[in-house]
Amino acid sequence: MSSCKSNLRRATVLLLASVLLTTFAYAQSPATQAPDKAALAAEKAQMEALGHKYKTATELFEALRAQAHGGKALTVDTMPNWSGIYTRTKGGTAFDPDGPPQGKPPLAKFTPEYQAMMVKDVTNRAKGIEYDPLSACHSPTYPRWFDLPFMREFIVLPNQTTMIAEAFNSIRRIYTDGRGHLSKDDQFPTETGDSIGFWDGDRLIVHTNSSMAHMYERAQGFYSDQVEGVEIWHKVDANTLVANVWIYDPPALLEPWYTRQSYSKLDDADKTLRINNWSCKGNSNNEVYETKEGGSQHAEFTFMKKNGTQEKSK
Amino acid sequence: MKSVAIATGVATALWVLSPVYGHHSASMFEPTKTVTISGTVKEFQYTNPHSWLIVDVRNADGTVTTWGFEAEGPSTLMRAGIRKSDLSPGTKLTITGHPMRDGRPAATWINATRADGKILNPHPKEPAGTTPKE
């Protein structure tokens with residue numbers, strides 16, 4: 001009986017989420033109209049409730065797949081047009097674009113251990129002490145991928161969607177050909193994780209696991225190597241791609257962290273924009289090391305003498 | 001004439017215009033101070049993850065100090081309308097940035113004005129709805 005009620009509650013939440021997503025999509029016309037705050041708040045509350053209904057990312061993903069009756073494979077004729085060059089719509093590099101700005105504690109419900117790590121980082125940042133492993137060209141990994149700055153591309157094909165972030169040449173491949181993840185015993189961590197997905201109309205639903213532990217961003221908290229995510233991607237108007245994202249990470253999060261990630265297409269009328277290979281170590285003036293205090297410092301500059309004095313000449 | 005000016009405590013408005021540091025923390029720079037120098041471009045290193053504008057500054061005693069101004073990489077500069085040819089060697093300019101805390105002659109690039117009056121702000125306009133960067 002309680003199982004019946006539980007299933008009914010889950011079905012209701014899924015139905016509400018579905019209605020909300022559909023309503024929200026239609027509410028975006030005309031193309032440049034920004035969603036109002038009340039609609040965003042209502043959406044966030046519904047999406048958070050949806051995440052709380054499921055204990056794991058796999059459970060949420062499978063519920064969404066069941067709701068979509070397994071999803072429908074794309075064809076060349078039904079592929080949505082996500083072409084162009086995009087960048088993050090808002091939020092700077094804070095993981096939650098709708099949360100506090102970077103430098104203030106994010107709204108995620110961290111476990112005590114990870115909460116302490118986050119608070120230490122925020123406190124040190126306020127003192128000017130901060131180091132990011134990206135300085136040594138470490139991969140940002142997943143889910144930090146969502147808040148990377150600079151440009152992005154989304155390449156949709158029937159059996160695979162490829163998501164490219166310019167920063168650190170971070171490429172995600174979402175397999176939509178019906179394959180599953182590797183079996184638990186065969187899984188291994190990779191820099192952008194292992195992603196599978198399916199299409200529900202023009203929405204792409206994704207499940208990602210097998211990533212590596214890292215930070216959400218500087219002073220934004222940390223995730224473990226058990227982090228997983230569920231995403232619903234949708235192009236809400238001619239220039240905006242939105243991803244509803246739920247992050248599950250039992251060692252680090254007491255409950256899933258829902259965020260609404262958004263990416264805006266850049267004007268490229270004069271065809272000057274281009275994404276080049278990100279050569280992280282191509283200029284030695286960009287070499288940064290971690291100080292004994294845990295801060296960041298530039299190494300010696302090529303435009304200065306090696307003894308650290310300024311180059312002076314008559 | 002000395003071409004270096006340091007300002008303190010007037011940088012609040014400029015700080016929000018500082019780059020999004022996608023590669024490293026900006027903690028080695030002093031966010032509440034700005035430095036403004038006038039000099040001649042020695043080299044424009046148009047590179048990822050950061051570009052560096054190398055500028056020679058002639059001091060009052062006749063010596064030359066070489067400064068480096070850090071900005072984001074080529075794609076961000078292109079979006080801001082700054083091309084490599086805009087700052088070829090020999091170009092004269094005045095440039096403002098947040099200086100390094102350790103006193104070395106380097107800074108984040110906030111804004112620059114060439115001798116011909118062209119303004120070179122390396123921070124592109126973001127899409128509508130973008131909040132101020134860190």
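Throughout, protein chains are lettered first and strands after them, A, B, ... in sequence-line order, and every chain is numbered starting at 1.
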- [ ] May I have all residue pairs that pass disulfide bond (SG atoms under 2.5 Å apart) and include part of residues 265-303 of chain A, sequence neighbours excluded?
- [x]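 Matches after skipping sequence neighbours: A:C137-A:C280.
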Taking the side chain as every heavy atom from C-beta outward, state whether [X] and [Y] have any atom pair closer than 4.5 Å.
{"X": "A:F150", "Y": "B:R79", "value": "no"}
{"X": "A:Q297", "Y": "B:R101", "value": "no"}
{"X": "B:T66", "Y": "A:M304", "value": "no"}
{"X": "B:M28", "Y": "A:T291", "value": "no"}

Task: Atom CZ of B:R83 with >12 non-hydrogen neighbours under 6.0 angstrom - done: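 Atom CZ in B:R83 is not packed in, count stays at 12 or less.
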Open item on the list: Taking CD in A:E287 as the centre, count heavy atoms belonging to other residues, nucleotides or ligands within less than 6.0 Å. Is the count above 12?
Closed with: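 No, CD of A:E287 has 12 or fewer neighbouring heavy atoms, counting only those of other groups under 6.0 Å.
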From [X] atom [atom1] to [Y] atom [atom2], the distance as rounded to the nearest 0.5 Å:
{"X": "B:W52", "Y": "A:T302", "atom1": "CH2", "atom2": "OG1", "answer": "9.0 Å"}
{"X": "A:H298", "Y": "B:D102", "atom1": "NE2", "atom2": "CG", "answer": "9.5 Å"}
{"X": "A:M151", "Y": "B:S75", "atom1": "CE", "atom2": "OG", "answer": "4.0 Å"}

Task: Atom of A:S135, atom of B:H24 and distance for their closest heavy-atom approach - done: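 So the minimum-distance heavy-atom pair works out to OG-CB, 3.3 Å.
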Task: Considering all heavy atoms, the nearest B:R104-A:A299 contact - done: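 For B:R104 and A:A299, the tightest heavy-atom pair comes out as NH1-O, 3.0 Å.
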- [ ] Using a heavy-atom cutoff of under 4.5 Å, enumerate the residues of residues 268-275 of chain A that contact chain B, numbered in order, or state 'none'.
- [x]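 Checking residues 268-275 of chain A against chain B gives A:T272, A:L273, A:R274.
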Open item on the list: Is the distance between the ring centroids of B:W67 and A:F303 under 6.0 Å?
Closed with: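 No - the distance between ring centres of A:F303 and B:W67 does not fall below the 6.0 Å cut-off.
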- [ ] For this output row, return yes or no: ring centroids of B:H23 and A:W278 closer than 6.0 angstrom.
- [x]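 No, too far apart.
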- [ ] Pick whichever of B:T76, B:D56, B:T47 has the most heavy-atom pairs under 4.5 Å with chain A.
- [x]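 Highest number of pairs under 4.5 Å: B:T47.
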Task: Top contributor to chain B interface from A:D132, A:N285, A:N276, A:V288 [non-hydrogen pairs under 4.5 Å] - done: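 Of the candidates given, the most pairs with chain B belong to A:N285.
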Task: Polar contact flag, side-chain donor to acceptor under 3.5 angstrom, B:S27-A:E130 - done: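 Short answer, no.
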